[in-house]
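Computed from heavy atoms alone, side chains included, the values below leave out hydrogens, waters and symmetry copies.
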Amino acid sequence: ATNLAASRKDILSLRTVAGIMDTDAYNDAHGWPRTKNAQNPALKAATLSNLPQYHFIGGQDAQGPPSVLHSYFQALPPTRCVRYELIQENEHEDGWVEKWPDLLKRPVNCNGAVPQDFNALDLVAQEGPAPYETVREIPEKP
């Protein structure tokens, strides 16, 4: 999706769910050798910095850890157009179908907060307001 968005002029926004946004960081996270991959989304990050983006990652995703998304953020210049959200209960493949209708309603635009440089602390819980929203599942009554 990222490569398609970078190659076209008619894309209005980019949304990813458990996306592998940097293939080098993904390989690093798994202890695999890096490949010469011209399709690595992180290589297109700067050209997409003005495209509204919303990236969703799962808090239980062992396959695509937050470091992969963080690496993509490091390739971005400061921007108001990129948002991300950690969905604590979700794994890489599980939990997204049920949540997608609500996640799709999240606004994707460039009217966000002050432009920010993403850093490693963005994806780590800190005191005070979190840099991301955590969506908690509400258990159904038996």
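- Partners of Trp96 under the side chain to side chain contact (heavy atoms under 4.5 Å, CB included) rule, at least two apart in sequence or in another chain, are Val17, Ala18, Phe56, Ile87, Asn90, Leu103.
- In this structure, the ring-ring contact (aromatic ring centres under 6.0 Å, His included) partners of His55, at least two apart in sequence or on a different chain, are Tyr72.
- Scanning both residues, Leu69 and Ile57, for their nearest heavy atoms gives CD2-CG2, 3.6 Å.
- Under the side chain to side chain donor-acceptor pair (under 3.5 Å) criterion, Asp102 pairs with no residue at all, not counting sequence neighbours.
- Between Gln63 and His30, the closest heavy-atom pair is O-NE2, 2.7 Å.
- By the side chain to side chain contact (heavy atoms under 4.5 Å, CB included) test, Asp94 is found to be paired with Glu91, residues two or more places apart in sequence or in another chain being considered.
- When all heavy atoms of Ala45 and Leu76 are compared, the pair lying nearest together is O-CD2, 3.3 Å.
- Of the possible donor and acceptor atoms, one in the side chain of Asn3 sits under 3.5 Å from a partner among the backbone N and O of Gln39.
- Residues Leu51 and Ala5 approach most closely at CD2-CB, 3.8 Å, considering heavy atoms.
- Leu4 belongs to no hydrophobic cluster, as no Ile, Leu, Val, Met, Phe, Trp or Tyr side chain comes under 4.5 Å of its own.
- Other residues sharing a hydrophobic cluster with Val68 under the 4.5 Å side-chain heavy-atom criterion for ILVMFWY residues are Ile20, Tyr26, Trp32.
- Residues passing the side chain to side chain donor-acceptor pair (under 3.5 Å) test with Asp28, sequence neighbours excluded: Arg34.
- The side chain to side chain donor-acceptor pair (under 3.5 Å) search around Asp61 returns His92, not counting sequence neighbours.
- Applying the salt bridge (Lys or Arg N to Asp or Glu O under 4.0 Å) test to residues at least two apart or on different chains, the pairs with a partner in residues 9-21 are Arg8-Asp10.
- Here the side chain of Gln53 pairs no donor or acceptor atom with the backbone of Arg83 at under 3.5 angstrom.
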